[in-house]
Amino acid sequence: MTEPTSGEMKPTLGLTGLTSNAMALIAPGAFLWLTFYLQSTTKNTGPAMWMGIVGALLLCLSTAVCYAEMAKLYPGTGSSYFFAEQAFLNRDKAWKYARISKFIVGWASHLYYWIYPGVMVGTMGIVCGYVAGTIWPNFMSASNPGMIFMMVVAVIFSFAIAYIAHRGVSSSTAINMVINIIQITALLIFAFFAIQYRTHHKPGSEAWQFDSTSGEAYTYEFKTLPVVTAGVSADVIQRDPTGVPLPKLDAAGKPVPFHIAYQEYDASGNFLAHTSAISVVSPHHWSWVFVQATIAILILVGFESVTTMSGEAKNAKRDVPIAVLTSLLVQGVLFYFFEYFAANYFLNSGYSMQSATGSAAPIGDMMVIVGDALFGAGHGRIFMLAEAATVILALIGTTLSCMNTGARVTYAMGKDEELGGEFGKLHQRNLTPHRAIWTLAAISAVIGCIAVAVLFGDAGAPTDAAIAALPHGFWSSFGYTTHDKMAALPNTLLMVTLASNFGTFVLYALSCLLCIVAYHKHPNHSAIRHTIIPAFGLLANLACMAFYVIGPWGGYGTKMEPLLALGIAAIWGAYGAYHFYVVGKKAGKSVLLTSRT
């Protein structure tokens, strides 16, 4: 085996390559599928989903400005970790805090960068389970894929991505560039079709409704019969031997056509659909916007990833700051705003927000409906599978970009001997931080398995009838118990997502503070770019962090997942403090620097 070396990375990336890597991490194709489900399970806050994206974008833009400005001062591998050291070393009095500052930032980075890829590989398991259930419904349920199947996919995917990352950043950049073009085009096509479906189906007109068990859309009302389970009566859809829902018949014995409606809430107060385009872009309640933003941050993070690649950039001082801002604005404003509007505007009585909470891939379900409406019955599934292929490509790109970013932060800490020294070495031939990459692959595989362990816990728990209708088998139904038992468990995908997001908020808040420190009394200081914007970013990130505690106790969103995410962050922080003190003491390092190096 080739021995590692401590050589330097080779500068090969221009502005296009840097921007492409960041855009791959902010991948609309992957995250629209993932986060729409997560955001729909936050109980009563769903109506504010689009405005939550706006709030998250404002927070990210303020932070992106800070990263861009610091990248101008300190072009080097390590991103915020490197910025933290340089910002304090260049201060006349605060230089002695450089080590503790960079460790805190680096440790917070790992809460984000080590969990985030695990969320992505778990998502790949979900998408593959959805596709498998669509193609082979007798083997797997598309709406509720099997836990073991998703875990196996997550593990395989994690190590496959690590292999690509291990080969070098040039290969990664070329792959990401192609993926960006394909997945953006595919999602824009769906968004146009979704808006067209809404505008062409006025209230009361004949339309399509989705059946989660068969994974198909139908133009007739479903025949139902009341069934009493545990003393509770519920209407259950009647089906033929192949699982196809039977139509409700009129007096003449003909199927009753399904007529679409856009009712906002049901009798229990559950949100169903937006009554107008204005409703989609309205905040409804600002507290709901906060809940949605704490999840939506997942879809926009990644713009800072290019600052970890400064060592591989041809002109880091010029290109990295531009790539940071360009990647966020293009993906966030041009694509996420449009795609999230389209998906929310599409919601109707045939596929409501409540339908989305019980599906592994609500966007895939919507694609089936619009595909059937445009191309004819049965063709919606083909349209969805074609779009799903682009989502899989997007997941490859975003996971690859994130793994490259996380590994380089680990490499920077290893090089400083704040983590194991072996992490600070590069592969002799590929010049990649290969030990960090393979370690991150193993961690991602474990987190991915945790993410899909109770995918339908809490608010997303399927009904007992849906659980009974699952194909029985080790790969398809293991882990599904009863509705009440699953509702009592946390949604593990949401839990690890919020843990990663909390790490993001901590890191971004610290980065905004670092920008203020770095430009304090600097000759190029700008009050707007180096004080006002960073201060807004700092306060916005702190507000979102505070909402993890305030929200659940105020009755906003769910309670188990954010509190468990806080627990994960607290354990990581406590271990970090122990590691910093013990490892530093063994290495003869003092908490505060004694000499300005």
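As the structure is a prediction and not an experimental result, all values here were calculated from the model.
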NE2 of His110 to CH2 of Trp107, rounded to nearest 0.5 Å, is 7.5 Å
Item to complete: Evaluate the side-chain proximity of Gln86 to Phe82: yes if any heavy-atom separation is below 4.5 Å, no if none is.
Response: yes
I want to check something: taking the side chain as every heavy atom from C-beta on, are Thr294 and Asn501 in contact at a cut-off of under 4.5 Å?
no
Walk me through whether Ile363 and Val391 qualify under side chain to side chain contact (heavy atoms under 4.5 Å, CB included).
CA-CA 11 Å; Ile363 300 300; Val391 172; over 6 Å; no
task: Examine distances only and state if a side-chain atom of Thr399 and a backbone atom of Ile396 form a donor-acceptor pair shorter than 3.5 Å.
output: no
TODO: Specify whether Tyr116 and Tyr112 have parallel, tilted or perpendicular ring planes, treating 30° as the upper limit for parallel and 60° as the lower limit for perpendicular.
DONE: perpendicular
Donor-acceptor pair, side chain of Ser282 and main chain of Ile278, under 3.5 angstrom = yes
Between Ile568 and Ala499, the two heavy atoms sitting closest are CD1-CB, 4.1 Å
> Regarding Ser511 and Glu304, is there a side-chain donor-to-acceptor distance under 3.5 Å anywhere?
Replying inline: no
Less than 4.5 Å apart, side chain to side chain, heavy atoms only: is that true for Gln39 and Gln292? yes
Side-chain touch Arg408/Pro433, heavy atoms, less than 4.5 angstrom
yes
Can you confirm whether the side chains of Tyr67 and Ser80 place a donor and an acceptor under 3.5 Å from each other? yes
For this session: Check whether any side-chain heavy atom of Asn541 lies under 4.5 Å from a side-chain heavy atom of Leu59, and answer yes or no.
Result: yes
Sidechain-backbone polar pair: Ser355 side chain, Ser352 backbone, donor-acceptor under 3.5 Å: yes
Hey, does Ile369 have a side-chain heavy atom less than 4.5 Å from the side chain of Phe346? yes
Under 6.0 Å from the NE2 atom of His525, do we count more than 12 heavy atoms belonging to anything else shown? yes
message = Determine whether the aromatic ring centres of residues Phe547 and Phe502 are separated by less than 6.0 angstrom.
response = no
Tyr548 and Ala565 have their tightest heavy-atom pair at CE2-CB, 4.3 Å
Q.
Check for me whether Arg198 meets the cation-pi criterion with Tyr262, that is, NZ or CZ under 6.0 Å from the six-membered ring centre and within 45 degrees of the ring axis.
A. yes
Query raised in the report: Between Leu328 and Leu300, does a side chain to side chain contact (heavy atoms under 4.5 Å, CB included) hold up when you go through it step by step?
Result: CA-CA 7 Å; Leu328 179 60; Leu300 295 168; 4.2 Å; yes
Any side-chain donor-acceptor pair under 3.5 Å between Trp114 and Ser109? no
To the nearest 0.5 Å, atom CE of Met403 lies from atom CD1 of Ile161 at 7.0 Å
Value for SG (Cys66) from CG (Leu510), rounded to nearest 0.5 Å, stands at 11.5 Å
Is a side-chain donor or acceptor of Arg529 paired with a backbone partner of Glu69 at a separation under 3.5 angstrom? no
> Between Phe192 and Phe338, does the ring centre distance come in under 6.0 Å?
Replying inline: yes
- Taking it one step at a time, do Thr497 and Glu561 satisfy side chain to side chain contact (heavy atoms under 4.5 Å, CB included)? CA-CA 9 Å; Thr497 298; Glu561 294 83 2; over 6 Å; no
- Task: Report yes or no: do Tyr351 and Asp365 form a side-chain donor-acceptor pair below 3.5 Å?
- Result: yes
Do Tyr340 and Thr35 meet the criterion of a side-chain donor-acceptor pair at a distance under 3.5 Å?
yes
*Expected output: side-chain His520 to main-chain Ile516 donor-acceptor under 3.5 Å*: no
Closest non-hydrogen contact found for Val119 with Thr123 is O-OG1, 2.7 Å
Taken to the nearest 0.5 Å, the spacing of Leu566 CG from Met495 CE works out to 12.5 Å
Looking only at the side chains, is there a donor atom on one of Thr45 and His284 sitting less than 3.5 Å from an acceptor on the other?
no
Rounded to the nearest 0.5 Å, the CE atom of Met49 sits from the CZ atom of Phe271 at a distance of 8.5 Å
TODO: Test Phe383 against Phe190 for ring pair (Phe, Tyr, Trp, His ring centres under 6.0 Å), laying out the working first.
DONE: CA-CA 9 Å; Phe383 173 68; Phe190 160 70; 7.3 Å; no
Let me see the working for Leu374 and Phe193 under side chain to side chain contact (heavy atoms under 4.5 Å, CB included), right down to the final yes or no. CA-CA 8 Å; Leu374 284 168; Phe193 285 171; 3.2 Å; yes
Is the backbone of Val280 close enough, under 3.5 Å, to the side chain of Asn344 for a donor and an acceptor to pair up by distance?
no
| said: Donor-acceptor pair, distance only, cut-off 3.5 Å: does the side chain of Ser279 make one with the backbone of His274? | reply: no
Under 4.5 Å between any side-chain heavy atoms of Phe337 and Val54, yes or no?
yes
Quiz item: Any sub-3.5 Å donor-acceptor pair from Ser444's side-chain atoms to Leu440's backbone N or O?
Solution: yes
Value for CD1 (Ile104) from CG (Leu507), rounded to nearest 0.5 Å, stands at 12.5 Å
Heavy atoms of Lys102 and Ala84 approach each other most closely as CA-CB, 3.5 Å
inquiry  = Is the shortest side-chain heavy-atom distance between His522 and Asn90 below 4.5 Å?
reply    = no
Closest heavy-atom pair, Ala441 versus Ala162, reported as atoms and distance to 0.1 Å, is CB-CB, 3.5 Å
Heavy atoms of Ile297 and Ala56 approach each other most closely as N-CB, 4.0 Å
